[in-house]
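One structure below.
Note that this is a predicted model, so its numbers are computed, not measured. All values below come from the heavy atoms of this structure, side chains included, with hydrogens, waters and symmetry mates left out. Quick note on labels: first sequence line is chain A, next is B, and so on, each numbered from 1.
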2 protein chains.
Amino acid sequence: MLKEERQHLILDKIKLNRKVLSADLSIELQVSEDTIRRDLNELSAKGLIKKVHGGALPVDTKAPSYEERKFSNLKEKNNIAKKAVSLIKNGQVIIMSGSTTNLQLAKIIPSDINATIYTYSLPIALQLTEHPSIEIIFIGGKLNKPAQVTVGLDVVSSISQLRADLCFMGTGGINVENGMTEPNWEVSHIKKCMIEASEKVIVLCTNNKINEVKRYPVTPIIKINTLITDLNSKNEIFIPFKEKGVKIL
Amino acid sequence: MLKEERQHLILDKIKLNRKVLSADLSIELQVSEDTIRRDLNELSAKGLIKKVHGGALPVDTKAPSYEERKFSNLKEKNNIAKKAVSLIKNGQVIIMSGSTTNLQLAKIIPSDINATIYTYSLPIALQLTEHPSIEIIFIGGKLNKPAQVTVGLDVVSSISQLRADLCFMGTGGINVENGMTEPNWEVSHIKKCMIEASEKVIVLCTNNKINEVKRYPVTPIIKINTLITDLNSKNEIFIPFKEKGVKIL
DNA sequence: TAAATTAATGAAATAATATGCTAAAAGAAG
DNA sequence: CTTCTTTTAGCATATTATTTCATTAATTTA
């Protein structure tokens, strides 16, 4: 039996039984436990399984939680949220993407504001239920657990049918040449739709995202109306953005 | 049994029963109490449980507004949830309505269960994001803030397109003559759709809802497959329900 | 407070792992 | 085809992880 073949069988067995024992595999695949251990260690190094004393288990799908990210860069995010909230006017229809910066924004929307907010983020929707007058429309679909947002075709098609005044978007990265970019293909697609559906596009991002480029393009810089960061708007880093017509806050 | 596997079982059992005794676990898992104690100490060090003299408890969670209601009748609700969880099988498609009893159920679904759950309740969806293998589909629509669920035509039409094996439903009231009834018209309509979309209908309710009648009818008793309450299933109050073919748990 | 239960500790047993070494098999180069 | 190298698997042994047991300390309960 080939080594690869054996490792595939091991992976299949883990998927099936949610655990494997080195001793069992040794008998079943007719090789020594040493070999099995070597296989398990290799698979574990590739992150495909979790090696434990006596055998192996599937990898924990539980990714680093949204909760954890919620508290990083809190000061910067709050700074951005404060600038963003001034753009919200009564009667507007707004789309919010699922970033933690947007969550911060959702927290500080003044209670006398009366608007309609579309979102596909569970934490943001939940936060907005505390607001007395905002109408919330949640965009349904398959849930992405670590990000706690809905994704997929349902989301894309729902957003395509909207007409909004503003959209507030977090981003994976932004620079002048590549515009907005995202590490996740599905998210990049959804954000394209959000931009199409909105009169004005407002990008919220912490300074560490500026001049970062991620894998999937979302939109050229020209479609972005306003960029809000924690930096001072007069910072020279923004000069090329301003030349492209982006307003900086 | 692998150490990690054992610790997972302990976590599941704590979720389910809200407490475990070292002595019980020792017998159940066929290891010494020393080992159990070491497991509990390790899990406690990771902050996953709270170790106490003689056993362990779940970690205390904070309790704001919606959360407060969640803890009223907690014992009864957990009792119901424990009975309900036994009905969930791998591979099923399940619809869950937005009651706090259902939230309790969402909390205790064992981590090795693999199913697809449709829901229109924010807290339930959020709770399920903690589960490693369940696929969650959120049904979008306009948010009802106090209940933290989506309502309206979008929800109705989404549910109409589903085919599910089970639906778990809370209820405003149930009796033999009027069947299930709801105080809210929109909710009654949504629940009708859920029943149409599901192979089996399982109603979860605390004893105070039995023989209550609310304003809007949802379904005659005949369409309900199983009724789960905190009472003993042999209680004479259930005799007329049983005569109508409802299974009592 | 005394009795009973539970916890902590260290020694000992058992099982699993890592490591170095050997040998066979498969490829590569001449 | 031969020789050399590389990969792979098995074995012996040292090391480490895990569990149990005996003993003593701490905590709860009556």
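Considering I88(B), T116(B), T119(B), D165(B) in turn, I88(B) is the only one that fulfils the side chain to side chain contact (heavy atoms under 4.5 Å, CB included) rule with I94(B).
When distances are taken from the side chain of K3(A) to each of dA9(D), dT20(D), dA16(C), the shortest belongs to dA9(D).
Residues K51(B) and N41(A) both approach DNA chain C. Their nearest nucleotides, taken by heavy-atom distance, put K51(B) toward the 5′ side.
Atom CG in L25(A) sits roughly 14 Å away from atom P in dA9(D) (whole-Å rounding). Regarding M1(B), its CE atom lies at a distance of 16 Å from the P atom of dT18(D), rounded to whole Å. Computed from coordinates, the E33(A) CD to dA15(C) P distance equals 12 Å when rounded to whole Å. dG10(D) atom C1' lies 13 Å from atom CD1 of I36(A), rounded to whole Å. As a whole-Å value, the separation of H53(B) NE2 from dT29(D) C1' is 10 Å. Across the protein-nucleic acid pair, L21(B) atom CG and dA4(C) atom P stand 20 Å apart, rounded to whole Å. The separation between R37(B) atom CZ and dT20(D) atom P is 12 Å, rounded to whole Å. The nearest whole Å value for the distance from the CG atom in D34(B) to the C1' atom in dA8(C) is 9 Å.
Ring geometry for F241(B) against F238(B) counts as perpendicular: the plane angle is over 60°, on a 0 to 90° scale with 30° as the lower cut.
When the side-chain nitrogen and oxygen atoms of S32(A) are compared with OP1 and OP2 of dC11(D), none of them lie within a distance under 4.0 Å. Between T35(A) and dG10(D) there is a side-chain N or O to OP1 or OP2 distance below 4.0 Å. Taking 4.0 angstrom as the limit, R6(A) places none of its side-chain polar atoms (N or O) nearer than this to OP1 or OP2 of dT8(D).
With respect to the salt-bridge test (charged N to carboxylate O, under 4.0 angstrom), the residues E33(B) and R37(B) qualify. Salt bridge status for E5(B) with K19(A): present, with a side-chain N to carboxylate O gap under 4.0 Å.
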